[in-house]
Each structure stands twice: as structure tokens, then as C-alpha cells.
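For clarity, every value in this text was computed on a predicted model and none was experimentally measured.
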Amino acid sequence: MEEMEEELKCPVCGSFYREPLILPCSHSLCQACARNILVQTPEAESPQSRRASGVSDYDYLDLDKMSLYSEADSGYGSYGGFASAPTTPCQKSPNGVRVFPPAAPPPAALAPAPRNACLTCPQCHRSLILDERGLRGFPKNRVLEGVIDRYQQSKAAALRCQLCEKAPREATAMCEQCDVFYCEPCRLRCHPPRGPLAKHRLVPPAQGRVSRRLSPRKISTCTDHELENHSMYCVPCKMPVCYQCLEEGKHSSHEVKALGAMWKLHKSQLSQALNGLSDRAKEAKEFLVQLRNMVQQIQENSVEFEACLVAQCDALIDALNRRKAQLLSRVNKEHEHKLKVVRDQISHCTVKLRQTTGLMEYCLEVIKENDPSGFLQISDALIRRVHLTEDQWGKGTLTPRMTTDFDLNLDSAPLLQSIHQLDFVQMKASSPVPAPPILQLEECCTHNNSATLSWKQPPLSTVQVEGYILELDDGNGGQFREVYVGKETMCTVDGLHFNSMYSARVKAFNKTGVSQYSKTLVLQTSEDTESEEQTLPFPVPLERFQLRRMSPFSSTLNLQPSFSGRSYFELRSSSHPLSLHSSLQSLNSAGCNFETQSAPYSQLVDIKKLVAVAWFSFDPGSAHSDILFSNDNLTVTCNSYDDRVVLGKTGFSKGLHYWELSIDRYDNHPDPAFGVARVDVLKDVMLGKDDKAWAMYVDNNRSWFMHNNSHTNRTEGGITKGATVGVLLDLTRRTLTFSINEDQQGPVAFENMEGLFFPAVSLNRNVQVTLHTGLPVPEFYTSRASMQ
């Protein structure tokens with residue numbers, strides 16, 4: 001019963017309904033509350049006058065409420081205006097509409113409402129125009145009154161017996177004929193169920209109180225004809241009517257049915273609707289029980305999970321402590337070993353020093369002797385002993401056999417990374433694993449020692465993808481390694497070996513897991529032995545594709561070898577756009593087939609080698625900030641008087657490479673340097689000052705080779721404006737050679753060149769040079785190679 005209380009309270013005053021009225025929208029209001037929220041519609045602003053003049057309605061009479069002025073609208077009737085205007089001044093309500101203050105009703109009947117008054121339902125916000133009857137035109141909700149009375153009686157204090165002489169006991173019954181409340185003893189004594197009292201009807205006290213209050217119950221009368229009782233039910237209007245409404249009123253042409261029959265029919269329909277609602281309420285109760293059980297289960301699982309987590313972390317801590325003890329034991333052993341070696345050397349050196357000191361003292365005493373013949377008899381032996389002892393001291397005896405440093409380096413970075421990555425694994429997958437990506441062959445290509453790969457998800461795949469993982473091998477058939485992880489579907493890989501075969505594959509991942517690998521793609525980087533750039537057929541089965549020029553990519557990968565023949569992979573953010581060289585226009589297929597390989601990846605797509613010499617330019621991203629670029633990054637100078645270094649974009653680790661630099665400006669006899677360098681070379685000193693660069697620096701008269709600040713091989717012959725400096729890097733023979741104006745300058749500059757090298761130049765503001773690439777090998781080198 002308590003849940004029903006909100007249904008019995010007025011939405012305006014918040015108290016139990018008092019004399020509730022039924023509005024045409026089926027909601028109810030207290031009679032006094034309805035009077036309080038009446039809103040005046042002035043004569044000049046009445047709906048009829050506004051519609052005639054074309055003036056828009058007030059907010060409370062919006063166009064969506066204009067249907068209330070039509071008799072045919074969803075059962076809402078139109079109500080005419082009043083004959084007289086209100087005399088009580090109006091006031092503003094919080095929502096801005098005019099509200100009449102409550103007034104005491106006349107003693108006989110409801111006071112007339114103001115003319116053109118409007119009532120807005122506080123629940124559905126429908127606006128209703130009252131007719132000349134005012135609020136009397138709305139029927140009273142007598143059923144709601146009865147329900148409220150019964151509810152209040154059930155909530156009231158217990159009724160007492162009216163016949164107990166001293167302390168009245170709680171009543172257990174009420175006689176409707178006697179109108180008396182009895183307790184059980186008094187009923188048996190004063191109202192026995194025999195004789196004339198046997199026909200009296202006894203009811204529970206609460207029911208008796210309600211019946212006492214409501215009896216005799218007033219019969220509901222017609223709102224249009226107050227002297228007539230409801231006798232029929234109008235089906236279109238869905239309301240009870242009297243016989244006079246059927247003869248004279250607006251219901252005369254409507255379909256009507258007997259009031260009792262419709263009463264029973266609607267009770268049956270309401271009971272059926274309540275059955276469905278009862279089922280939903282039962283399900284809701286069961287659901288609430290389930291939720292409460294879930295709360296308990298969550299609390300229990302939380303305690304259990306916390307205990308499990310603490311146990312797992314404690315196990316990790318115990319394992320770390322055990323490993324700590326093992327490592328400390330190794331340190332102690334190393335400590336003891338070092339002490340033993342040093343102490344043994346101290347003991348040995350002490351004995352040796354004692355023997356040496358004794359020999360020295362003995363020789364000094366012998367020297368004091370004045371007997372020549374006796375001295376000469378033993379002098380040769382003493383001299384040999386002295387030299388032998390001296391030689392013994394010179395064979396590392398005075399060098400410590402053990403260093404004070406502990407050559408133990410604890411690599412905790414992987415463990416710390418694992419600790420930082422320690423996280424919970426979802427036990428149940430919320431979505432499936434992505435499908436393997438598809439490599440887009442028409443957008444994959446190689447250029448110089450770079451490779452561009454593009455991929456996409458299968459067309460019919462609807463699984464969400466969070467990112468992709470691109471893997472390449474080392475160019476020698478070695479293991480695959482991750483070179484890119486991210487959301488992009490196109491990637492350029494720089495710094496590959498020239499004339500090498502690389503295998504590439506990609507996979508997708510999301511929160512659930514990682515997909516299978518795509519088909520493996522085999523790419524061959526360019527050879528650098530040809531004199532001009534060429535294009536060869538691009539094999540794609542079944543149909544022909546054209547290689548499009550790529551737009552700038554969002555990420556670039558730089559692969560640099562850590563030793564000969566191997567590579568490590570490094571992710572490098574690109575500070576400048578990358579695109580294919582303009583001379584690469586199109587690569588078309590000509591009926592080539594797939595190549596099958598016995599590997600975990602059954603189908604391999606083989607892109608035939610692209611034969612081209614290395615075309616490259618200077619790299620603004622890695623250059624010193626004082627370097628100035630022009631001519632598509634092929635011409636450089638400097639705005640500083642100090643030497644600054646700039647590198648080329650392409651690195652070389654295999655093959656034969658030759659490029660030239662023409663001297664565009666040469667003032668005040670500076671000494672620019674030309675050569676190769678590692679990617680981490682110093683950028684603010686002359687090239688060759690550190691161990692990361694191999695260079696030739698030259699002035700107007702002579703040149704020197706320099707590496708690690710060591711100057712060698714001074715050679716006559718310098719440069720002027722218009723001169724050309726050539727750099728020839730032969731990684732097959734592992735040599736570096738220089739030339740000036742196509743003549744070799746000095747001998748082979750450097751040998752045993754291994755690793756990854758980038759073209760490099762250092763210059764100041766007195767020099768400007770232009771880079772020329774894609775050149776054939778000079779004659780002086782080819783002739784020398786043929787002679788060898």
C-alpha cells in the first residue's frame with residue numbers, strides 16, 4: 001500500500017487529493033489547486049480573436065496546443081469564454097504566466113472562473129479553455145476519493161471498542177446496522193449472533209469506518225445536467241452521460257452503451273492489463289533480488305580477488321628477493337675473488353721486493369770491496385742476477401692483476417618495463433580478433449634503399465581495429481622484427497641495404513588480441529651499379545596496376561645495421577614530408593605469377609628488383625640549425641662563420657656509391673670538408689673532428705684526410721669556385737676515395753669501412769655547394785678496378 005501513496009497525491013500541492021477533479025487529459029487535480037492555477041486569457045488575446053487577427057498565441061497556447069480548440073481532437077473538448085471579467089488582480093507565477101491567487105469559494109457553489117480562463121495540466125502540460133460552467137464542467141473523481149479514504153483509514157490508528165467501561169480494547173468488528181465498534185469480549189456479550197441480531201452484518205473496523213464516513217454515498221450526476229444521474233456510456237467520447245445528453249446534447253448522434261455493461265467491460269480490461277503489469281512487477285522484483293545478490297557476490301569476489309592479487313604480488317616480491325640474494329652472493333664471490341687475487345699479488349710482490357732489496361744491499365757491499373781480483377771473480381754473476389731480477393720486475397709484475405671496478409652490470413630495464421606493463425588480462429573477449437590485413441600491391445614499391453608498404457582491412461570485416469604491427473626481416477632471411485606499431489595503414493622504411501631482398505608482413509590488433517599475419521611480401525631494394533635510373537615490370541597476378549605517386553607519409557622508419565649484415569630497427573618521427581622520387585612514374589605488370597615458398601606463410605608476392613642508382617638530397621631534419629637549404633634541399637650554405645655539418649637523407653651499408661658536390665661560392669679561402677659520417681656525428685664542428693666521420697677537408701691549395709681529429713696524407717691541389725669534389729664509397733672493398741675535378745685526390749683515403757654511412761659535408765658561410773647524385777662511377781676508379 002505504501003508504494004501507492006504517490007498516486008494519491010496532487011502534483012500541485014503535494015498532499016492527498018481533496019475533492020479531485022478529472023481533467024479532459026485524464027489527470028486529476030484538487031479543486032482548490034485547479035482554482036489556484038487558472039490563467040486569464042484577456043478578451044483581446046482570446047484564441048478566437050488571435051486567430052481572426054493572425055496574432056500568434058502565448059507560450060501557454062502554442063501551436064501544438066491549438067488542437068484543444070477543436071471538438072474533434074482526441075477527446076478534448078472546447079470550452080467557451082465567460083460572461084464577466086475577473087475582479088481579483090492576477091499575479092506572476094515562477095514560470096512567467098499569470099496566476100490567480102486562491103479565493104474563498106461562495107457558500108453555495110463554486111465561484112465563477114474568470115472569463116476566457118485557461119487551465120494547464122501540471123503533468124502533461126496540455127492547455128484547457130474553460131466554458132461558462134468553469135471548474136464545475138470537470139467531473140469529480142469519486143473513485144479516487146474512495147481510494148484515498150480507504151488508504152487513510154488503513155494508515156490510521158487502531159479503533160477502540162465503544163462498550164468497554166474502563167480501558168477500551170482494540171475493536172475487532174463493527175456492526176453496520178448498530179453502527180457500533182466491538183472488541184471480541186463485548187461482541188460475544190452484547191451482540192450475540194442469534195435472534196434478531198443474527199441478520200446484522202459485521203465488518204472489519206477499518207472497512208466499517210470508511211463505510212460510516214461514506215454512507216450514504218452520493219450518486220454521480222451529469223456535469224452538463226446536474227439533476228440527472230449517469231445512465232449510459234458514450235463510446236466516442238469515452239465518458240458516462242445521462243439520457244438528457246442523448247436527447248438534447250452533443251452526444252445525441254454518438255454510439256452509447258449501457259453503463260453497467262461498460263463498467264464490467266472496463267473492469268475486465270483493467271484486470272487484464274494489471275495481469276501483464278503484475279508480471280512485469282514480479283520480474284522487476286526478481287531482478288532486484290538478482291542485483292542485490294550481485295552486490296553480495298561482487299563484494300565476496302572483490303575480497304577473493306584482492307587476496308589473490310596480494311598473493312601474486314607477494315610471490316613476485318619473494319622471487320625478486322631470492323634473485324636479489326643470488327645476485328648479492330655473486331657480488332660477494334666477486335669481492336672475495338678480487339681480494340684474494342690482490343692479496344696474493346701483495347704477498348708475491350712483498351717476497352720479491354725483499355729478495356730484490358737483499359740483492360741490492362749485497363751488491364752495494366761488494367762494490368765497497370777493494371780486492372780487484374776477488375771482485376772480478378763474482379761480478380759477472382752478480383751482473384747477470386741484477387739483470388735477471390730487473391727483467392722479472394718488468395714482466396707485468398708491477399701491474400695490478402685485478403681492477404677495483406666490479407665488471408657486473410645489472411640490466412634491470414626489461415624487468416622494470418615488465419613491471420610497468422603488468423596489467424590485468426580480460427578473461428572474456430568482448431569482441432572478436434581482427435581479420436588479417438590485406439597488402440595493397442598497387443601501392444607497395446621500393447626506391448633506392450627505401451620501401452613503402454600499404455595495407456587495409458578486408459572489405460567485409462566489421463571488427464574494430466586499434467592498430468597494426470609491421471614486421472621486416474634483416475634482408476638476409478633472418479628473423480622478423482617489429483618496425484612499426486600504430487594506426488596508420490601506410491609506412492615508408494628507410495635505411496635498408498641496397499640490392500637486398502626483404503620480407504614484410506603485417507598484422508592487426510585490438511583489445512581482444514592479435515590477428516594472423518597477412519601474406520608475406522618480398523621486396524628487393526635498388527641496385528646502385530647502373531648509370532641511369534630504370535623501371536622494370538611490377539608483378540601482380542590477374543590484372544594490371546599502376547603505381548601511384550605517394551602523398552606524404554605520417555611516419556618513417558629508419559633501419560640501421562648494428563654490425564655487418566644485420567640490422568636493428570629504430571622508429572624515427574619524420575620532421576619533413578616524404579614522397580617517392582619524381583622520376584618514378586609507373587610500374588606495370590605483365591602477366592607474372594606468384595612465387596610459392598615452403599614457409600609458414602604459403603603465398604609470397606615477389607616484387608622484382610627496381611634497378612636504379614641512389615638519388616638523394618640533404619636532410620634538413622638532421623642538419624645543424626645554421627645550415628640553409630635551397631634548390632629542393634640539393635644546395636646548402638651556412639649563416640655562421642663556424643663549421644656546421646649536414647647529412648644526406650640516404651644511408652649506405654652495402655654496394656658502390658658515388659656522388660659529387662659542385663662549389664657554387666668560395667670566398668676568403670675557407671676549408672670545407674666532404675665525406676661520410678654516422679647519423680650521430682657532431683654537427684657543430686668540422687667534419688672528421690670526432691670518430692663518427694671520415695672526411696677530406698680542402699682549401700685553395702691543398703687537402704688533408706681527417707678522422708677522429710687525426711690529419712693525414714697532405715696532397716697538393718685545392719678548390720676554387722666552379723670546382724667539383726667527388727666522393728666514392730665502395731662498401732664492397734670497404735674503401736673511401738676522393739676526387740677533385742674528376743681526378744683522384746691522393747691515395748685511398750680510408751679503408752676497413754663497415755657499417756651504415758651517410759653522405760656528409762661541413763662548411764661555413766663562405767662556401768655554398770650543390771649535391772649531384774645518381775652519377776656513374778668515375779673512370780679513374782673503373783680503370784683501376786679493371787687493372788686489379
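- Residues Met753 and Trp694 meet the side-chain proximity criterion, which asks for heavy atoms closer than 4.5 Å.
- A side-chain contact (heavy atoms from CB on, under 4.5 Å) with Pro620 is found for exactly one of Val636, Val646, Asn633, namely Asn633.
- When atom types are taken as modelled, the side chain of Asn476 and the backbone of Gly478 share no donor-acceptor pair closer than 3.5 angstrom.
- Applying the salt bridge (charged side-chain N to carboxylate O under 4.0 Å, His left out) criterion to Arg330, with sequence neighbours excluded, gives no partner residue.
- Between Phe498 and Phe652, a ring centre-to-centre spacing shorter than 6.0 Å is recorded.
- Asp473 contributes a side-chain N or O that, together with a main-chain N or O of Ser503, makes up a donor-acceptor pair within less than 3.5 Å.
- With Asn448 contributing its side chain and Ser450 its backbone, the two residues share no donor-acceptor pair below 3.5 Å.
- Counting only residues at least two apart or on different chains, no side chain to side chain donor-acceptor pair (under 3.5 Å) pair has a member in residues 712-726.
- Looking at Glu466 and Tyr468, their side chains never bring a donor and an acceptor atom within 3.5 Å of each other.
- In this structure, the salt bridge (charged side-chain N to carboxylate O under 4.0 Å, His left out) partners of Lys507, at least two apart in sequence or on a different chain, are Glu471.
- Side chains of Tyr502 and Asp474: a donor-acceptor N/O pair is absent below 3.5 angstrom, by distance only.
- Heavy atoms from other residues, nucleotides or ligands lying under 6.0 Å from NE2 of His711 number more than 12.
- Donor-acceptor pairing under 3.5 Å is lacking for the side chains of Arg765 and Thr637.
- Checked against the 6.0 Å centroid threshold, Tyr781 and Tyr658 do not count as a close aromatic pair.
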